[in-house]
Amino acid sequence: MRVVFMGTPDFSVPTLQALIDSPYEVVGVFTQPDRPKGRGGKVQMSPVKELALKHDIPVFQPLKMRLDGLEPLRELKPDICVTAAFGQILSQDVLDVPPMGTVNVHASLLPRHRGAAPIQWAILSGDATAGVTTMYSDKGIDTGDMLLKCETPVLPEDTAGTLSDKLAQMGAELLIDTLRQIEAGTCPREKQDEAQSTYDPKIEKEMGLLNFEEGTEKCLNRVRAMSPWPCAYAQLGEGVLKVWRAKAAEGCANAIPGTVLKADRKLGLIVATADGAMELCEIQAPNAKRMDAKAFLLGHAIEEGKLLSEVRI
RNA sequence: CGCGGGGUAGAGCAGUUUGGUAGCUCGUCGGGCUCAUAACCCGGAGGUCGUGGGUUCAAGUCCCACCCCCGCAA
């Protein structure tokens, strides 16, 4: 079976790898164009492109799939297309190319968390379980018929990063299963229940801002959901204090949310929230690298009793 | 050549402007005190100050080059 794969970030890599290792023939890979990234503005290729090149698979990087991607795709004559976090919306022209359709690997238990950032939203929403769904792509965004599903609990220590790694792996296996069952004609197919569906926007940097007026649990979820990108942060004087890891702590009855309750090299850095307090365990000051808050306090004094946003360092 | 910050003991920082004995907090090791310690007291070890050149009687500090780390912007 001739398969064309479309994907871009790390999440897509295990699925492509699984296809390469499978009996299916990966005849081409579509991925986002190389873009300037990181310090110095050097252009970098996507993780998917790196893997594809390593296996001498033809790589295509159309700016817009429906424009300059359509012809190359037709020429590849795929039986089926597989997408996983490709990053482009496929128009009907594109979906019409493979006779067996386009199967998408989506990192949520659909119909919950449609959209580009399902993993972050699962954590942000406090979901107890997350998962992967394979589905046929249609014209809408993650609205197509569902095929197979796989669940996993969201652990208290999970971040978007760790959960994404797990789901990527699960998704890869699930996809191979799905293709097998499609070939065998045994794959279940189920419409999504629109009433249960949620569509979540993509993550913006500003969504990392911690609001201590929210309860401890919501703040902790935000810390986990925004790691490793964009990373949760709190206002600290002129700059921002990134918060990589945090946990619940004992509060103080009438403290204003955002108050520094403790800033002690033994006890750590503890900030009041609306319904308690949270310890900022691993932090990162401007221009500094991430470190244990207790280590940070060895070299920096933070005044207890002030609002974190008014502290000078 | 996108903009900026940084590399000093195991950790986190000061010292660099104005060159002149390597400093703080913590950890660590040894000793003491205490019913007890996230407590306190005494003592010790631990540094080619990122790398290589240069200037100087003298460089962590000034000059040049390079390496590595980080933030912003994309």
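Letters A, B, ... mirror the listed sequences (proteins, then strands); counts begin at 1.
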Polar side chain donor-acceptor pair, A:Thr178 to A:Thr134, under 3.5 angstrom: yes
Nearest-Å distance, NZ (A:Lys289) to C1' (B:rC72)? 19 Å
By the Watson-Crick or G-U definition, both distances under 3.5 Å, B:rG4 is matched with B:rC70
In whole Å, what separates the P atom of B:rU17 from that of B:rG32? 46 Å
Kindly work out whether a path of hydrophobic side-chain contacts (I/L/V/M/F/W/Y, heavy atoms less than 4.5 Å apart) joins A:Met170 to A:Leu179. yes
With rounding to whole Å, what would you report as the distance between B:rC13 and B:rU56 at their C1' atoms? 30 Å
Check: A:Asp275/A:Thr273 side-chain N/O donor and acceptor closer than 3.5 Å: yes
Dump every N/O contact between nucleotides 3-8 of chain B and the protein below 3.5 Å, one line per pair.
{"from": "B:rG4", "atom 1": "N2", "to": "A:Asn287", "atom 2": "OD1", "distance (Å)": "3.3"}

Kindly determine whether A:Glu206 and A:Tyr233 satisfy side-chain hydrogen bond (donor to acceptor under 3.5 Å, both in side chains), including the steps that lead there. CA-CA 9 Å; A:Glu206 299 71 40; A:Tyr233 59 92; 6.0 Å; no
salt_bridge(A:Arg189, A:Asp145) N-O dist < 4.0 Å: yes
In terms of side-chain geometry, is the basic nitrogen of A:Arg74 or A:Glu71 positioned less than 4.0 Å from the acidic oxygen of its partner? yes
Which whole number of Å gives the distance between the C1' atom of B:rG4 and that of B:rC40? 45 Å
side-chain N/O A:Lys242 vs B:rC72 OP1/OP2, d < 4.0 Å: yes
Could you check how far CD of A:Glu206 sits from P of B:rC72, rounded to whole Å? 12 Å
Trace of the side-chain hydrogen bond (donor to acceptor under 3.5 Å, both in side chains) decision for A:Gln17 with A:Asp21: CA-CA 6 Å; A:Gln17 183 67 57; A:Asp21 296 339; 3.2 Å; yes
Please state the P separation for the pair B:rG50 and B:rG15 - nearest whole angstrom. 15 Å
When rounded to whole Å, the CG to P distance for the pair A:Asp264 and B:rA38 reads 13 Å
Going by number, which of residues 295-304 of chain A have a non-hydrogen atom under 4.0 Å from RNA chain B? A:Ala295, A:Phe296, A:Leu298, A:Gly299, A:His300
What is the base-pairing partner of B:rA45, counting Watson-Crick and G-U wobble geometry with both distances under 3.5 Å? none
Find the partner of B:rG12: check Watson-Crick (N1-N3 plus N6-O4 or O6-N4) and G-U wobble (N1-O2, O6-N3) distances, both under 3.5 Å, and reply none if neither fits. B:rC24
Rounded to whole Å, please give me the gap between CE in A:Met291 and C1' in B:rG71. 13 Å
For a quick test of reading the model: is some side-chain N or O of A:Gln284 closer than 4.0 Å to OP1 or OP2 of B:rC70? no
d(CG, A:Leu269; P, B:rU25) in whole Å: 21 Å
d(CH2, A:Trp244; C1', B:rC70) in whole Å: 11 Å
B:rC35 and B:rA39: how far apart are their C1' atoms, nearest whole angstrom? 14 Å
Go ahead and name the base partner of B:rU55; Watson-Crick or wobble counts if both distances stay under 3.5 Å, otherwise write none. none
A:Leu241 CG to B:rG71 P, in whole Å, measures 13 Å
Testing the 3.5 Å rule here: is there a donor-acceptor pair between the side chains of A:Gln169 and A:Asp165? no
What integer number of Å spans the C1' atoms of B:rA45 and B:rU61? 27 Å
B:rA22 versus B:rU8 - spacing of their C1' atoms, nearest Å: 9 Å
Residue A:Lys205, side-chain atoms from C-beta onward, closest of B:rG27, B:rC72, B:rC13: B:rC72
When rounded to the nearest 0.5 Å, the distance separating NE2 of A:His113 from OG of A:Ser125 is 4.0 Å
Just to verify, which of A:Thr31, A:Asp68, A:Thr8, A:Asp34 counts as forming a side chain to side chain donor-acceptor pair (under 3.5 Å) with A:Gln61? A:Asp34
So for atom NZ, which belongs to A:Lys149, do other residues, nucleotides or ligands contribute more than 12 heavy atoms lying within a distance under 6.0 Å? yes
Look at all strands and tell whether A:Gly239 reaches a base, only sugar-phosphate, or nothing, counting heavy atoms closer than 4.0 Å. nothing
Starting at atom CZ of A:Arg290, determine the distance to atom C1' of B:rG71, rounded to an integer number of angstrom. 14 Å
Euclidean distance for P, B:rC49 against B:rA59 (whole angstrom): 11 Å
